[in-house]
Amino acid sequence: MPAPLQQPIVFEIEGFDFLPGSGPFLFLLALLVYMLVLLGNGVVVCVIVLDRKLHRPMFVMICHLVVCDLLGATAVLPRLMMDFLMGQKKIVYPAAITQAFCIHVYGVAMQTILGAMAYDRYVAVCEPLRYHTIMTSARLHFCCAVAWIVALVLIAVLLSFHMNAPLCGRIIQHVYCSNRGILNLACSPTPTNNIYGLCMTWSVSTVVFIIIAFSYIRILTDSYRQRVSDSKCSVGSALVRSKAFQTCAPHLVIYTLYQIASIIIIVSIRFPAAHPNLVKFFSILIIIVPPAINPIIYGLVIKELRTSILQKISIRV
């Protein structure tokens with residue numbers, strides 16, 4: 001058995017295997033994606049902050065989702081660009097743990113925030129006249145805080161297993177640092193971390209799926225009953241319910257995109273014959289695609305947000 005490494009430990013990220021001379025092109029491509037992420041999410045946050053009409057629970061949760069998107073993209077893309085442009089593959093141990101922490105927090109927080117948003121949509125559609133009574137400012141902040149605290153605590157516990165794990169290797173065979181990527185360099189097996197990681201992933205995904213499935217089943221059944229009893233309900237209630245129901249589509253699309261990206265990663269790992277570059281590319285889809293697509297989906301589908309963005313642009317022009 002090789003001798004365990006001593007601090008300060010410097011890892012080398014394997015990264016993509018690309019042709020000599022193609023680094024600048026790949027750098028520009030990654031820079032374009034990162035600028036799209038910053039611009040799209042920045043516009044959404046600025047418009048929500050500046051427009052007082054959008055200071056409502058749904059848009060506050062969208063801001064939290066934007067912060068989550070920026071966390072994931074910023075944890076990966078700047079270092080990836082350095083690799084493409086300057087061949088910078090070395091990373092010190094604290095920076096590696098920090099990157100792994102940010103990436104895993106992004107993965108969990110994305111799901112917990114979407115779960116909180118599903119609850120908000122359920123209340124908006126099924127209890128339209130009591131919405132502001134139920135979704136008070138205190139409850140809104142509590143839901144958002146729980147979404148982030150759950151993610152932070154779960155990942156802090158996950159990475160705490162690294163404290164007593166001696167490492168014998170330096171090359172991380174991935175595009176970025178992750179919990180598994182670092183512990184694959186351990187001198188001995190780490191079954192406790194493996195079991196906790198699998199249980200955590202399964203529990204978070206299952207609980208969030210149940211929350212979202214329950215919310216949308218109730219929304220669909222309630223909407224069906226609403227159609228049957230339209231004549232008995234007030235026009236105001238029906239309009240509020242219809243308006244809230246329209247905002248469910250982008251939430252469901254974003255959750256579906258996130259799950260599709262997750263499935264692609266899981267499936268690609270199961271094919272050892274697949275080219276390493278292809279597997280690595282699929283592994284960063286979950287960090288690149290949602291942050292780039294989410295602001296576009298919300299900006300196009302939610303009429304109030306789209307109108308506010310267009311008004312701000314016309315004023316500037």
Side-chain angles (χ1 to χ4, degrees), residues 11 64-65 67-69 71-72 75-76 93 96-119 142-169 172-217 251-252 254-272 279-280 282-287 289-290:
F11 296 116
H64 282 272
L65 193 65
V67 172
C68 185
D69 286 338
L71 175 67
V76 173
Y93 182 82
I97 292 294
T98 301
Q99 186 183 48
F101 180 79
C102 292
I103 290 170
H104 289 300
V105 166
Y106 159 78
V108 176
M110 173 69 75
Q111 297 183 73
T112 54
I113 292 171
L114 287 173
M117 293 176 73
Y119 170 72
F142 174 78
C143 290
C144 295
V146 167
W148 281 106
I149 291 171
V150 167
L152 292 170
V153 170
L154 288 177
I155 301 307
V157 174
L158 178 70
L159 296 182
S160 68
F161 292 105
H162 290 244
M163 294 170 57
N164 299 318
L167 303 175
C168 292
I172 297 175
Q173 298 178 335
H174 212 312
V175 181
Y176 52 79
C177 301
S178 64
N179 170 65
R180 194 69 259 151
I182 296 173
L183 284 187
N184 281 341
L185 306 177
C187 300
S188 57
T190 54
T192 306
N193 179 275
N194 294 344
I195 293 170
Y196 174 81
L198 289 172
C199 291
M200 180 199 71
T201 303
W202 183 85
S203 300
V204 171
S205 299
T206 303
V207 170
V208 170
F209 174 78
I210 290 172
I211 292 173
I212 292 177
F214 171 79
S215 299
Y216 279 95
I217 289 172
H251 171 263
L252 198 56
I254 287 172
Y255 177 73
T256 304
L257 284 175
Y258 181 84
Q259 293 302 321
I260 289 173
S262 302
I263 292 171
I264 289 174
I265 292 174
I266 294 170
V267 171
S268 65
I269 294 174
R270 296 294 182 270
F271 289 91
V279 176
K280 292 171 186 174
F282 284 144
S283 71
I284 63 173
L285 281 181
I286 198 170
I287 300 172
V289 173

- Task: Quick one: do K280 and I284 satisfy side chain to side chain contact (heavy atoms under 4.5 Å, CB included)? Show the steps, please.
- Result: CA-CA 7 Å; K280 292 171 186 174; I284 63 173; over 6 Å; no
- Message: Going by the rule side chain to side chain contact (heavy atoms under 4.5 Å, CB included), which residues pair with Q259 if we only count those two or more places apart in sequence or in a different chain?
- Response: Q111, Y255
- Query: Who passes side chain to side chain contact (heavy atoms under 4.5 Å, CB included) against I260, sequence neighbours left out?
  - Reply: T256, I264
- Task: Take Q173 and N184 through the test side chain to side chain contact (heavy atoms under 4.5 Å, CB included) and record every step on the way to the result.
- Result: CA-CA 9 Å; Q173 298 178 335; N184 281 341; over 6 Å; no
Nearest heavy-atom neighbours spanning [X] and [Y]:
X    : Y    : answer
C102 : A75  : CB-CB, 3.8 Å
I212 : A118 : CG1-CB, 3.7 Å
A151 : A109 : CB-N, 3.7 Å
I113 : C68  : CD1-CB, 4.1 Å

Side-chain heavy atoms of [X] within contact of [Y], under 4.5 Å:
X    : Y    : answer
T112 : V146 : no
L154 : Y196 : yes
I254 : L65  : yes
M200 : I155 : yes
F282 : L285 : yes
F161 : T190 : no

- Message: Other residues, nucleotides and ligands only: do more than 12 of their heavy atoms fall within 6.0 Å of OH on Y93?
- Response: yes
Donor-acceptor contact present, side-chain [X] to main-chain [Y], <3.5 Å:
X    : Y    : value
H104 : N179 : yes
N193 : L158 : yes
S205 : W202 : no
Y258 : L114 : no

